[in-house]
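Numbered from 1 within each chain, the chains take letters A, B, ... in sequence-line order. Atoms considered below: every heavy atom in the structure, side chains included; atoms not considered: hydrogens, waters and symmetry mates.
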Amino acid sequence: MRMSKLFGRTLRESPAEAELISHQLTLRAGLVRQLAAGIYSYLPLGWRVLCQIERIMREEMDAIGGQEMQMPVVNPAAIWRATGRYDAPAPGPALLRFRDRAGHDMVLAMTHEEVVADLLRSEVHSYRQLPFMIYHIQTKFRDEPRTRGGLVRVREFTMKDAYSCHADFCSLDEFYERIYQAYVNIFQRCGVQAIAVAADVGVMGGAASHEFMVLSAKGEDTLAICPQCGYAANVEKATFAKPAGVSEAERPIAKIATPGCKTIADVAAFVGVPTCQTLKALFYTTESGEIVLALIRGDLEVNLVKLANVLAGADLRPSSEDTLRSAGIVPGYASAVDLSGFRVIADDSITLGSNFVAGANKEGYHLKNVNYPRDFAVSTLTDIARARAGDRCAECGAVLETPRAIEVGHLFKLGTRYSEAVGATYLDKDGQTQPIVMGSYGIGTGRLMAVIIEENHDEHGIIWPADVSPYPLHLLSLGAAPEVVTAAEQLYSHLQGMGYDVLYDDRNERAGVKFNDADLIGIPWRIVVSRKTLAQESIEIKNRSERAGRMIPLGQLEAILASSVAH
RNA sequence: CGGGGCGUAGCGCAGUCUGGUAGCGCACAGCGAUCGGGACGCUGGGGUCGGAGGUUCAAAUCCUCUCGCCCCGACCA
């Protein structure tokens, strides 16, 4: 490709809106251009990178028996109603809805479990057909409340999503190991260090899930990682060892005046107990208007994702003070003692300790010596606590680290949620009807491209890992001398004849401009033809990640390329 | 959805407070010189100042409304 004709220019300066390095470099190198918030065009260079990433994903999916196909972006709402996701609070408005001319409700697919389940109904009837895995690389649309970080969180993107179908969970577990390894391979080939962590299943539902995460200070997710035993989870999901509380013989409950003590810190200091001997009462309002009380020991914090899961995925908002007052609740002085009419979801930390200080449900008063279950009842007692930096690993007791990370892939053991919802069943050996067991596995290609850049750049630009580079070779001619131009043109033809895809900088630009653009675009091998090289009947070849190049005689070029550059 | 910021040439910005000829750098076009790290000289094209109302003799500038984009949070896969 001649750069003089390449569509898409490099930019000397970063557009003002770009904050992340990957966002700046994708714009400056001419890989993408933004059309609207979270909606991007891929220019030829960016598109080639995306195609390289897709090629790697195809190879790894095919290697474990995946069958590529293609499913539509526009879906009838009916199949989304069938699985319950059309009307559920999540994904809710993230699912873009519209009507066709006949007045049918339609959606833009944000993932393809529904279409897969629908296909399974008509295509799979026997255990003899199972297991198998299908996948496609297709546009997704998710109407995000907020886009972020260039290509990191967008509304329209392509995803490689794979779906495995099994006769039983045993088969799913077996396959899960294989796709897990395939994902490890993909990220490794793309030059990113991804780690797998236990994750919440979110709107996908199902039994278990893992996310592949790349550590990044700019990441949207926070992980809980144990440096000692290797435990790793998204904090949305993470468990930890809750410290023991104060253990005493239960004493009789007593009301005490605590004027102006509305926070846990105030109360603990005023009464003279550690925060772990207090109970925190938090109120959340669901999308249907129900007020739910989340109860947790005062030294811990509530994990909203865990709480929402207890409430079947409810969309929770902290209740406003006005809402609470009109429901007869005293903000700042509430507790579960003598409070009826609300669901109480309690963290199991309330059983670690005794003689807690809790609200008296009366302005200016708290209760001492509150004990569960002696003094109050709960609807659910489970783990709803959020792991924080400094908490200890539930497995081995070491101190957890909580780095930020960007999610680049997600594996779900879906189980039978979708197949049962739409009646996708097969007959087993005994002629019994069984639901098909499913898994789904996704990687966003554009986000992966951004993360590759985040992980592979220097102050001059991108440093593409060879497998994803838009071109393997970048040929520069320096100067307008006829003999240089002729030699460069000949070399360009020659390299193409050898089967190499070459980006050829044939522009009438100064050396500095060409060098800087080459560094910015980041192709692994740079070949220079100039007066200087011609004088020695050589060319200069330089790897993007090295500081200096080396002169090699023209005659040796072929051999050197063969040994170090993939076609 | 809450908080903050920004919309002036393709990009980066000044001008807005205090109303009075729309500017600068880069990029682009032409000419010249130069040709190994974003040099240089001359000339030139490009703008309904995001949009709509309003105030005014006069609005990029003041007022009202609105649209868009970015960042933080909520949320999210």
Side-chain angles (χ1 to χ4, degrees), chain A residues 8-20 23-24 27-28 30 33-39 85 89-95 109-113 140-150 152-155 157 159 161 199-206 209-213 218 220-221 234 236 284 287 304-305 308 313-318 320 406-412 440-444 447 460-461 476-482 484-485 505 507-520 526 528-535 540 542 547-549 551:
Chain A
R9 321 191 66 82
T10 56
L11 309 177
R12 291 196 178 189
E13 293 169 294
S14 290
E17 72 269 15
E19 191 125 313
L20 287 191
H23 192 191
Q24 294 172 4
L27 292 169
R28 287 192 54 214
R33 291 291 182 257
Q34 183 174 9
L35 178 63
I39 301 179
R85 286 161 126 185
L95 182 64
M110 53 194 292
T111 174
H112 281 80
E113 282 78 11
K140 302 283 184 284
F141 194 91
R142 300 180 181 183
D143 202 355
E144 292 287 343
R146 186 184 154 206
T147 60
R148 202 193 309 258
V152 170
R153 178 161 297 272
V154 293
R155 293 193 292 170
F157 60 101
M159 176 182 260
D161 40 328
D200 183 68
V201 296
V203 303
M204 291 298 183
S209 109
H210 283 90
E211 289 166 330
F212 281 86
M213 291 286 191
K218 288 286 185 176
E220 301 180 277
D221 290 281
N234 193 310
E236 292 178 349
Y284 293 93
E287 71 279 1
L304 263 182
V305 173
D315 187 19
L316 300 174
R317 306 271 160 163
S320 68
I406 299 174
E407 176 192 347
V408 290
H410 208 152
L411 310 179
F412 295 93
S440 82
Y441 320 96
I443 296 176
R447 182 185 286 183
H460 302 295
L476 317 190
S477 63
L478 300 189
V484 171
V485 172
D505 196 343
R507 299 173 302 171
N508 184 21
E509 291 284 359
R510 296 176 55 84
V513 172
K514 293 191 177 189
F515 286 143
N516 278 299
D517 274 348
D519 286 345
L520 178 59
R526 187 185 81 186
V528 173
V529 176
S530 68
R531 267 199 178 128
K532 201 165 102 184
T533 65
L534 289 183
E540 182 202 80
K542 176 183 151 334
R547 189 168 277 277
M551 299 287 270

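- Without hydrogens or angle criteria, A:K514 side chain to A:D505 main chain gives a donor-acceptor distance under 3.5 Å.
- Of all nucleotides present, only B:rC72 satisfies the Watson-Crick or G-U wobble test against B:rG2, with each distance under 3.5 Å.
- For A:R507, the CZ atom sits in a packed shell: over 12 heavy atoms of surrounding residues, nucleotides or ligands are nearer than 6.0 Å.
- Here A:T533 lies in heavy-atom contact (under 4.0 Å) with a base.
- When the C1' atom is used for both B:rG47 and B:rG10, the distance is 12 Å, rounded to whole Å.
- Where A:D143 and A:S14 meet RNA chain B, the nucleotide closest to each residue was compared, and A:S14 sits on the side nearer the 5' end.
- Considering only heavy atoms from C-beta on, A:R510 stays 4.5 Å or farther from A:N516 through its side chain.
- Remark: B:rG23 base-pairs with B:rC13. Criterion, Watson-Crick or G-U wobble with two distances under 3.5 Å.
- Residues A:L534 and A:V484 form a side-chain contact, since some pair of their non-hydrogen atoms from C-beta on lies under 4.5 Å apart.
- Taking the side chain of A:A511 as heavy atoms from C-beta on, and the options B:rG37, B:rU34, B:rG36, the nearest nucleotide is B:rG36.
- Counting non-hydrogen atoms of neighbouring residues, nucleotides and ligands closer than 6.0 angstrom, the CZ atom of A:R531 reaches no more than 12 such neighbours.
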Kindly determine whether A:R153 and A:R447 satisfy side chain to side chain contact (heavy atoms under 4.5 Å, CB included), including the steps that lead there. CA-CA 7 Å; A:R153 178 161 297 272; A:R447 182 185 286 183; 3.5 Å; yes
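- Here A:G512 lies in heavy-atom contact (under 4.0 Å) with sugar-phosphate atoms only.
- Between the CD atom of A:E236 and the P atom of B:rC76 there is a distance of 8 Å, rounded to whole Å.
- In this entry B:rC28 has B:rG44 as its Watson-Crick or G-U wobble partner, both defining distances falling under 3.5 Å.
- Here the P atom of nucleotide B:rC28 and the CZ atom of A:R507 are 9 Å apart, to the nearest Å.
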Give the C-alpha distance, both sets of side-chain angles, the deciding distance and a yes or no for side chain to side chain contact (heavy atoms under 4.5 Å, CB included) between A:V154 and A:I39. CA-CA 6 Å; A:V154 293; A:I39 301 179; over 6 Å; no
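- Across all strands shown, B:rU18 has no partner, as no Watson-Crick or G-U wobble contact with both distances under 3.5 Å is found.
- When rounded to the nearest whole Å, the span between NZ of A:K532 and P of B:rG36 equals 8 Å.
- To the nearest angstrom, P of B:rC75 lies 13 Å from CG of A:D200.
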Show the distances under 3.5 angstrom between N or O atoms of the protein and N or O atoms of nucleotides 67-72 of chain B.
residue	atom	partner	partner atom	Å
B:rC69	OP1	A:A37	N	2.8
B:rC69	O3'	A:Q34	NE2	3.4
B:rC70	OP1	A:Q34	NE2	3.0
B:rC71	OP1	A:G149	N	3.2
B:rC72	OP2	A:R146	NH2	2.3

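- Separating the C1' atom of B:rA58 from that of B:rG45 is a span of 29 Å, rounded to the nearest Å.
- Note on A:V484: nothing from the nucleic acid sits closer than 4.0 angstrom, heavy atoms only.
- Taking the P atom of each, B:rU21 and B:rG4 are spaced 34 Å apart, rounded to whole Å.
- Comparing the C1' positions of B:rG68 and B:rA29 gives a spacing of 32 Å, expressed to the nearest Å.
- Nucleotide B:rC65: paired with B:rG51 (Watson-Crick or G-U wobble, both distances less than 3.5 Å).
- When the nucleotides B:rG38, B:rG37, B:rA77 are ranked by their closest atom to the side chain of A:R142, B:rA77 comes out on top.
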Where do A:L27 and A:E17 land on the side chain to side chain contact (heavy atoms under 4.5 Å, CB included) test, with the steps shown first? CA-CA 10 Å; A:L27 292 169; A:E17 72 269 15; 4.3 Å; yes
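- Interface remark: the A:E211 side chain does not form any donor-acceptor pair with the B:rA77 base, using a distance-only criterion of under 3.5 Å.
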Review item, nucleotides 24-27 of chain B N/O atoms under 3.5 Å of protein N/O:
residue	atom	partner	partner atom	Å
B:rG25	N2	A:E13	OE1	3.2
B:rA27	OP1	A:R12	NH2	3.3

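- Contacts of A:L11 with the nucleic acid, taken as non-hydrogen atoms under 4.0 Å apart, are absent.
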A:M110 and A:D143: side chain to side chain contact (heavy atoms under 4.5 Å, CB included), yes or no, with the steps? CA-CA 9 Å; A:M110 53 194 292; A:D143 202 355; over 6 Å; no
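- Atom name C1', nucleotides B:rU56 and B:rG46: the rounded distance is 31 Å, in whole Å.
- The distance between atom CD of A:E540 and atom P of B:rG37, rounded to the nearest whole Å, is 12 Å.
- If you measure from atom CZ of A:R510 to atom P of B:rA33, you get 15 Å, rounded to the nearest angstrom.
- In this structure, A:E407 and A:M213 have side chains that are in contact, with non-hydrogen atoms separated by less than 4.5 Å.
- A residue-by-residue look at A:F157 and A:K542 shows that A:K542 has its nearest nucleotide of RNA chain B further toward the 5' end.
- B:rC6 and B:rC26 have their P atoms separated by 27 Å, given to the nearest Å.
- For the C1' atoms, the distance linking B:rU8 with B:rG51 amounts to 14 Å, nearest Å.
- If you check every strand for non-hydrogen atoms under 4.0 Å, A:P145 touches a base.
- Side-chain atoms of A:R153 come within donor-acceptor range of the base of B:rC76, with a qualifying N/O pair under 3.5 Å.
- When side chains are defined from C-beta on, A:S14 does not count as touching A:H23, because their heavy atoms never get closer than 4.5 Å.
- Distance CG (A:L411) to P (B:rA77): 16 Å, rounded to an integer number of Å.
- The same atom, P, is picked in B:rG15 and in B:rU55; the two are 29 Å apart, to the nearest Å.
- Distance, A:R447 CZ to B:rA77 P: 11 Å, rounded to whole Å.
- Comment: A:R85 engages A:E113 in a salt bridge, judged by a side-chain N to carboxylate O separation of less than 4.0 angstrom.
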